[in-house]
Amino acid sequence: MSKTSQQNTTTDASGASVIHTQAHSSGLQQVPQLVPVSPAGGGKAVPPSKQGKKNSFVDRNSDEYRQRRERNNMAVKKSRLKSKQKAQDTLQRVNQLKEENERLEAKIKLLTKELSVLKDLFLEHAHNFADNVQPVGTETTTTNPENSGQ
């Protein structure tokens with residue numbers, strides 16, 4: 001069996017060539033392929049959803065245009081307010097953290113002073129305790145002259 005195919009080439013609005021191929025023996029159609037018109041291949045294929053928007057003229061006096069602009073203006077206003085609120089919340093949080101940091105640093109200073117005083121007291125007490133206690137092996141024995149002759 002020999003396969004025969006037919007090709008149709010058309011150019012769409014964006015300047016791309018569309019090749020339609022149909023295989024006669026199987027009866028199936030292949031998906032159209034977009035081929036750039038320029039020989040260097042630099043043309044971009046434009047999706048159908050974007051093709052009509054470039055060439056369509058917008059009537060600025062129409063109700064649809066005014067409604068779309070109003071909706072867009074409201075969305076922009078809402079977005080800007082949300083952004084402003086977020087910036088204010090962040091600034092407030094930064095100020096809270098700065099205050100907390102200052103309190104914690106003051107507490108560190110106080111606790112450091114307290115630790116220093118307690119160390120000094122401990123060392124003084126340990127030194128005094130060491131001076132008052134004699135080591136066990138160096139006790140002085142007193143001899144009783146009465147018992148020494150017996």
**OP:** Carefully, step by step, assess Val94 and Lys98 under the rule side chain to side chain contact (heavy atoms under 4.5 Å, CB included).
**Re:** CA-CA 6 Å; Val94 165; Lys98 281 182 181 179; 3.9 Å; yes
**OP:** May I have the step-by-step check of side-chain hydrogen bond (donor to acceptor under 3.5 Å, both in side chains) for Asn95 and Glu99, ending in yes or no?
**Re:** CA-CA 6 Å; Asn95 290 334; Glu99 289 175 6; over 6 Å; no
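Separating the OG atom in Ser79 from the NZ atom in Lys77 is a distance of 13.0 Å, to the nearest 0.5 Å. Here the straight-line distance linking atom CG of Leu118 with atom NZ of Lys113 works out to 14.0 Å at 0.5 Å rounding. The distance from atom CZ of Arg71 to atom CZ of Arg69, rounded to the nearest 0.5 Å, is 11.0 Å. In this structure, CD in Gln67 is found 13.5 Å from CG in Asn72, a value given to the nearest 0.5 Å. Atom CD of Gln85 is separated from atom OG1 of Thr90 by 9.5 Å, given to the nearest 0.5 angstrom. Atom CD in Glu105 sits 6.5 Å away from atom CD1 in Ile108 (nearest 0.5 Å).
Contact check for Glu100 versus Leu104: side-chain heavy atoms found under the 4.5 Å cut-off. For the pair Lys78 and Lys82, the minimum side-chain heavy-atom distance is 4.5 Å or more. Looking at Glu124 and Asn128, their side chains come closer than 4.5 Å, going by heavy atoms from C-beta outward. A heavy-atom distance below 4.5 Å is not found between the side chains of Leu123 and His127. When side chains are defined from C-beta on, Gln88 counts as touching Lys84, because their heavy atoms get closer than 4.5 Å.
In this structure, the side chain of Ser116 does not engage the main chain of Thr112 through any donor-acceptor pair within 3.5 Å.
Counting non-hydrogen atoms of neighbouring residues, nucleotides and ligands closer than 6.0 angstrom, the CD atom of Glu114 reaches no more than 12 such neighbours. At most 12 heavy atoms of other shown residues, nucleotides or ligands fall within 6.0 angstrom of atom CD in Glu64. In the displayed structure, Asp63 atom CG is contacted under 6.0 Å by at most 12 heavy atoms of other residues, nucleotides or ligands.
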